[in-house]
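One structure is given below, encoded as structure tokens.
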2 protein chains.
Amino acid sequence: MTRSKARGYHHGDLREALVASGRKLVEEKGIRGFTLRECARRAEVSHAAPAHHFASMDDLLAELVRRGFAELTASMTTEAERVAEDEPAARLVGLGVGYMAFAAANPTLFQLMFSREANHIEAKAGDEGAASLRRLLAAVLDDVLLEASDDVRQQAADFAWATMHGFIILVLEGEIGGRDSSRALKARGLAALAAMAETVARFARP
Amino acid sequence: MTRSKARGYHHGDLREALVASGRKLVEEKGIRGFTLRECARRAEVSHAAPAHHFASMDDLLAELVRRGFAELTASMTTEAERVAEDEPAARLVGLGVGYMAFAAANPTLFQLMFSREANHIEAKAGDEGAASLRRLLAAVLDDVLLEASDDVRQQAADFAWATMHGFIILVLEGEIGGRDSSRALKARGLAALAAMAETVARFARP
DNA sequence: TCGCAATCTTGACGTTGGAAAGAGGCCAAA
DNA sequence: TTTGGCCTCTTTCCAACGTCAAGATTGCGA
């Protein structure tokens, strides 16, 4: 789709171009620095062109969030599937690795996905994505917990999600491992995930 | 300080008034909806008046973050001190309760304190606050871990902070306990904190 | 081939953060 | 007490923003 300089009046695939430039822009300028006009500029299009593809700026951000959740769950699935089926605890750790890998690769988008703004703005945008993430987590947890009560299942899910989310957020924020090497940071992350998985496993046999 | 309508050309304590209205505004409108001019409006002052007290909008936000961290650690300390000295694990849970209580009472400010924007914008603003929070956590953890290696101490601190942070963030985001009652939510939070404290205690004896 | 609807541009409006310049008031030095 | 200086606040202006309305251009189906 390498549009050369010679494009006509019509862009061809402006919607995708806006999503692409928007995604870069979010990471470059941050959530508050994000600008619809700059997005249009990078797609080499007038400032009002986006209106025909996204009703508002929040609409574009909502699309970014939607795709972010899809990629996040994909990343989790990929990592979990590198582990044998009969090692459920390790699969749980894999889920966490995929979670953190996506967040580390897309720090600002990740924050946007879980930001208070997003929740209000996109209404149902992130909800579907979050729901499928929840299902994925529940499925893997099922193999760890076997026959546990619903209460325990819920507690385990809360705990697992909270640990992996909290850890990577604090890392992205510089609160954890401020000047650690990338290697050392990964080790710290794995340690946290291992402790989490062990605790979850303990939920199964009280 | 109840300024009546009859104030002269000078405000008297504009700085504090801006901090106060700014804080309300953040919670009302969210981070992206925050506006310096609206802040000034609420302090009944012209839109350029804030410039003499805060170099920029980010400067005002930085001050909000600074005070937020002070209050956060205060809330944690208060809750921890309700627990007897000789129950270190319970004190750790108390820390988490204080943490979550502040976050629940100031959801948007809390997000701002840990937002990617904040980190870049305020540079050192949140750093001091975060450092004292880290010290507080380390002190309480010391009583749980007794003579553990520095590595274990670090892992325990990572884990404890990650769990309480992740849980409350996911709650504020509606990802955990979307339609639970406040009571039920607190129970889920306490369960997560208890699991965290137990895990940390296990760090002490491997 | 023609006409229409979708796409894109241009221009405008109200709002924002910030800079510049002037008005007003407080306080310390004389 | 007067006066000068400095801090505070206001007014005015600017570029940039999101959004809306109108017009230009184009591709596509009838």
Side-chain angles (χ1 to χ4, degrees), chain A residues 1 3-22 24-26 28-65 112 117-118 120-122 125, chain B residues 1 3-22 24-26 28-65 112 115 117-118 120-123 125:
Chain A
M1 183 57 64
R3 295 185 315 91
S4 69
K5 211 42 170 304
R7 87 159 153 89
Y9 196 89
H10 286 49
H11 178 288
D13 198 4
L14 183 52
R15 181 169 236 270
E16 284 308 310
L18 288 171
V19 168
S21 63
K24 274 185 210 145
L25 196 54
V26 159
E28 275 179 37
K29 302 293 177 69
I31 298 175
R32 276 180 30 210
F34 183 89
T35 277
L36 196 55
R37 280 168 119 105
E38 174 67 20
C39 249
R41 231 170 274 134
R42 295 193 179 191
E44 297 176 48
V45 117
S46 89
H47 68 266
H52 295 269
H53 301 274
F54 299 99
S56 70
M57 192 175 70
D58 290 348
D59 243 45
L60 173 51
L61 291 177
E63 177 66 18
L64 294 182
V65 166
L112 180 63
E117 320 287 310
H120 172 260
I121 281 159
E122 310 136 30
Chain B
M1 186 56 66
R3 296 186 315 90
S4 69
K5 209 46 171 299
R7 88 161 152 87
Y9 195 89
H10 286 47
H11 178 287
D13 198 4
L14 182 53
R15 181 169 236 271
E16 284 308 310
L18 289 171
V19 168
S21 64
K24 274 185 211 145
L25 197 54
V26 159
E28 276 180 37
K29 302 293 177 69
I31 298 176
R32 273 179 33 209
F34 182 89
T35 276
L36 195 55
R37 278 167 119 105
E38 174 66 20
C39 248
R41 230 170 274 135
R42 295 193 179 193
E44 297 176 48
V45 115
S46 88
H47 70 266
H52 295 271
H53 300 274
F54 300 98
S56 71
M57 191 174 70
D58 290 349
D59 243 46
L60 173 51
L61 291 178
E63 178 65 18
L64 295 182
V65 166
L112 181 62
S115 84
E117 320 287 310
H120 170 260
I121 282 159
E122 310 137 28

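What you are looking at is a predicted structure, and each value in this text was computed from that prediction instead of being measured. All values below come from the heavy atoms of this structure, side chains included, with hydrogens, waters and symmetry mates left out. Proteins get letters first, then strands, A, B, ... in listed order; numbering begins at 1 in each.
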Review point. Under the 3.5 Å rule, do the base of dC9(D) and the side chain of H10(B) count as making a donor-acceptor pair?
Key: no

Check your understanding: Would you say V19(B) and F54(B) make side-chain contact, with heavy atoms under 4.5 Å?
Key -> yes

Check your understanding: Reckon R41(A) touches a base, only the sugar-phosphate, or nothing at all at heavy-atom distances under 4.0 Å?
Key -> sugar-phosphate

**Study point:** Nucleotide of dG18(C), dA19(C), dC8(C) approaching M57(B) most closely (side-chain heavy atoms)
**Key:** dG18(C)

Check your understanding: Is any N or O donor-acceptor pair between the side chain of H52(A) and the base of dC8(C) shorter than 3.5 Å?
Key -> yes

Check your understanding: Across the strands shown, which category fits H47(A) at heavy-atom distances under 4.0 angstrom: base, sugar-phosphate, nothing?
Key -> base

Review point. If each of A51(A) and E38(A) is mapped to the nucleotide of DNA chain D with the nearest heavy atom, which maps nearer the 5' terminus, i.e. the 5' end?
Key: E38(A)

Review point. Base, sugar-phosphate alone, or nothing: which one does S46(B) contact when heavy atoms must sit under 4.0 Å apart?
Key: base

Exercise for review: May I have the distance from F34(A) (atom CZ) to dA16(D) (atom C1'), rounded to whole angstrom?
Suggested key: 15 Å

Review point. Under 4.0 Å between a Lys/Arg side-chain N and an Asp/Glu carboxylate O for E38(B) and K24(B)?
Key: no

Exercise for review: Determine yes or no for a side-chain-to-main-chain donor-acceptor pair under 3.5 angstrom, with H11(A) supplying the side chain and D13(A) the backbone.
Suggested key: yes

Review point. Below 4.0 angstrom from OP1 or OP2 of dT16(C), is there any side-chain N or O of R32(B)?
Key: no

Review point. Looking at R37(A), does any N or O in its side chain come under 4.0 Å of the phosphate oxygens OP1/OP2 on dA15(D)?
Key: no

Point to revise | Residue A49(A), side-chain atoms from C-beta onward, closest of dC8(C), dC17(D), dG18(C) | key: dC8(C)

Check your understanding: Over how many whole Å does the gap from L14(A) atom CG to dT26(D) atom P extend?
Key -> 17 Å

Check your understanding: Over how many whole Å does the gap from L36(B) atom CG to dT10(D) atom C1' extend?
Key -> 15 Å

**Study point:** Proximal nucleotide (of dT9(C), dG17(C), dC9(D)) relative to the H53(B) side chain
**Key:** dC9(D)

Revision key, fill the gap. When rounded to whole Å, the CG to C1' distance for the pair L18(B) and dC9(D) reads 12 Å

Exercise for review: Supply the atom-to-atom distance L25(B) CG to R41(B) CZ, rounded to the nearest 0.5 angstrom.
Suggested key: 9.5 Å

Review point. Do the side chains of L60(A) and C39(A) get nearer than 4.5 Å, heavy atoms only?
Key: yes

Study note, to complete from the structure: Against the side chain of S56(B), the closest entry in dT9(C), dG18(C), dC9(D) is dG18(C)

